[in-house]
Number of protein chains: 2
Amino acid sequence: MASQTEENYLKSLFLLANSKGEINLTDLSKMLEISIPTANSMVNKLHEKGLLNYEKYKPLVLTAKGKKEAALIIRKHRLTEMYLVEIMGFGWEQVHEIAEQIEHINSNAFFDRMDELLSFPTIDPHGSPIPDKNGKISWKSYDKLSECKAGQTVKLAALTHSSSDFLKFLNSKGLSLGLKLKIHSIEAFDKSMIVSYHNHKQEQFSQMVSERLLVETTNPNL
Amino acid sequence: MASQTEENYLKSLFLLANSKGEINLTDLSKMLEISIPTANSMVNKLHEKGLLNYEKYKPLVLTAKGKKEAALIIRKHRLTEMYLVEIMGFGWEQVHEIAEQIEHINSNAFFDRMDELLSFPTIDPHGSPIPDKNGKISWKSYDKLSECKAGQTVKLAALTHSSSDFLKFLNSKGLSLGLKLKIHSIEAFDKSMIVSYHNHKQEQFSQMVSERLLVETTNPNL
DNA sequence: ATAATATGTTAGACGTTTCTAACTTTAATT
DNA sequence: AATTAAAGTTAGAAACGTCTAACATATTAT
Ligand SMILES: [Mn+2]
Ligand SMILES: [Mn+2]
Ligand SMILES: [Mn+2]
Ligand SMILES: [Mn+2]
């Protein structure tokens, strides 16, 4: 239905809406690395197709239909990333570029089979939720490591950013999802943390890093 | 480099050249289901790009560069088909449509990994050769079953056509590549054959069928 | 050899997606 | 409130891939 280009716009609109409140043309054009007038003309087109609510000079808001289409593309993207890591043996830093292309493949059977071979995963290799076949996402609320206290033990659950460079950095520190992290101390001045985890007695994470790590706090009340 | 559209043209030109002698615009436009003027304009473009030798009103002939590019796309197509069948469990009648899309994915790592997981296959699920990374194809010469004699025992090695309908027909007859076929008799009038094979004591193949089956004759001289 | 048919080319148009340049509206500063 | 800056819109153009209609060339049949 939607062209590859339209799909990329929908996906960006969806992702932007979930990280910022109101989306404007400037955000969209930056994310897609296109000029503002180009974004403007596509926005008009998506509006005419009933995928986006839009009035001149007002923020961009996906319709229910637009949100669902977007979520289904993100589903294909994240299923693909999971497949590439779990079945094909790629590193989590290698899969985004490939998934960016495969997400546009038109074949239910193909993605259903991936899903099956992965035993119906709910998160991708970076801890982001995989929307279900109806485009529904079950959001889990994680805490940023940077907002935890000294003494806490937490589990690394997801990432706020998944650039290849950041993922390579995490590899170099022996970090992967699911690891238990113990927070030993937090430097008041720069908020850097001293943490320990499997095979790592003492590592220092700058705030830049701890802000990008999402953790589950093992709640003693449950 | 080449767009998805250009890639599909190159592939068609390559495949046509290997099944007919001289290719003309009409053949090309039929294969791609586009109008003749559209094919004509793309032919001019490919010529300008040095992928096709072309003079007005003359047959279409790929250059060495064009042939190599085409072979590498066919490599991706056939590797994908093999992967879908062998690793993902699809039937040989289901994979062409998906491969038609995945062949345009730009990622050496992705196809190299498929290749590796398949242990570097040389034929696809329909018995067609997979070009190597340099675009070289090692052609094997098979015989059409229709040209074999009564009494011969041969091995089903490949197909001349792989339409989904034909593949479903073969499924219904319990036929797959590698099967040994014994030719019991050939009806002189319509060239239909009575053959037997694993779990099938007696099946009749019309000439329409036997022409589409390529076999290896187990040569007693070797 | 002429006529009929098949094949190929050119011209002109359209939808998509992109751009830059010029202009307008809204938001932020002073 | 007036000015400046940021954000958004419009106009006009280009490349790509497609089409139909009209015309030209090559091949085949009579
Ligand atoms: Mn990704
Ligand atoms: Mn994409
Ligand atoms: Mn195929
Ligand atoms: Mn294709």
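Reckoned from all heavy atoms, side chains included, excluding hydrogens, waters and symmetry mates. So that the names make sense, note that chain A is the first sequence line, chain B the second, and so on, each numbered from 1.
- Residue-environment remark: CD (Glu22(A)) stays at or below the threshold of 12 foreign heavy atoms within 6.0 Å.
- Between Thr26(B) and dG8(C) there is a side-chain polar atom (N or O) within less than 4.0 angstrom of OP1 or OP2.
- Between the CG atom of Asn44(B) and the C1' atom of dA11(C) there is a distance of 14 Å, rounded to whole Å.
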Practice prompt. Sugar-phosphate means primed atoms, P, OP1 and OP2; the rest is base. With that split, encode nucleotides 15-26 of chain D 5' to 3' as B, S or - using protein heavy atoms under 4.0 Å.
Written response: -SSBBBB---SS

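- Between Asp27(A) atom CG and dG8(D) atom P there is a gap of 8 Å when expressed in whole angstrom units.
- The existence of a salt bridge linking Arg75(A) and Glu103(A) is excluded, since no basic side-chain nitrogen approaches an acidic carboxylate oxygen closer than 4.0 Å.
- Distance, His47(B) NE2 to dT9(C) C1': 15 Å, rounded to whole Å.
- Heavy-atom contacts from other residues, nucleotides or ligands closer than 6.0 Å to NZ of Lys67(B) number 12 or fewer.
- When the P atom of dT25(C) is taken as reference, atom CG of Asn24(A) falls 19 Å away, rounded to whole Å.
- Here the two rings, on His126(A) and His96(A), have centers that are 6.0 Å apart or farther.
- Between the CG atom of Asn40(A) and the P atom of dG12(D) there is a distance of 16 Å, given to the nearest Å.
- Rounded to whole Å, atom C1' of dT9(D) lies 15 Å from atom CG of Leu28(A).
- Residues Ile102(A) and Phe111(A) have side chains in contact (heavy-atom distance under 4.5 Å, counting atoms from C-beta outward).
- Atom CD of Glu22(B) is separated from atom P of dT27(D) by 10 Å (rounded to the nearest Å).
- No side-chain heavy atom of Ile130(A) sits less than 4.5 Å from a side-chain heavy atom of Asp115(A).
- For the pair Leu60(B) CG and dT7(C) P, the interatomic distance rounds to 13 Å; values are reported in whole Å.
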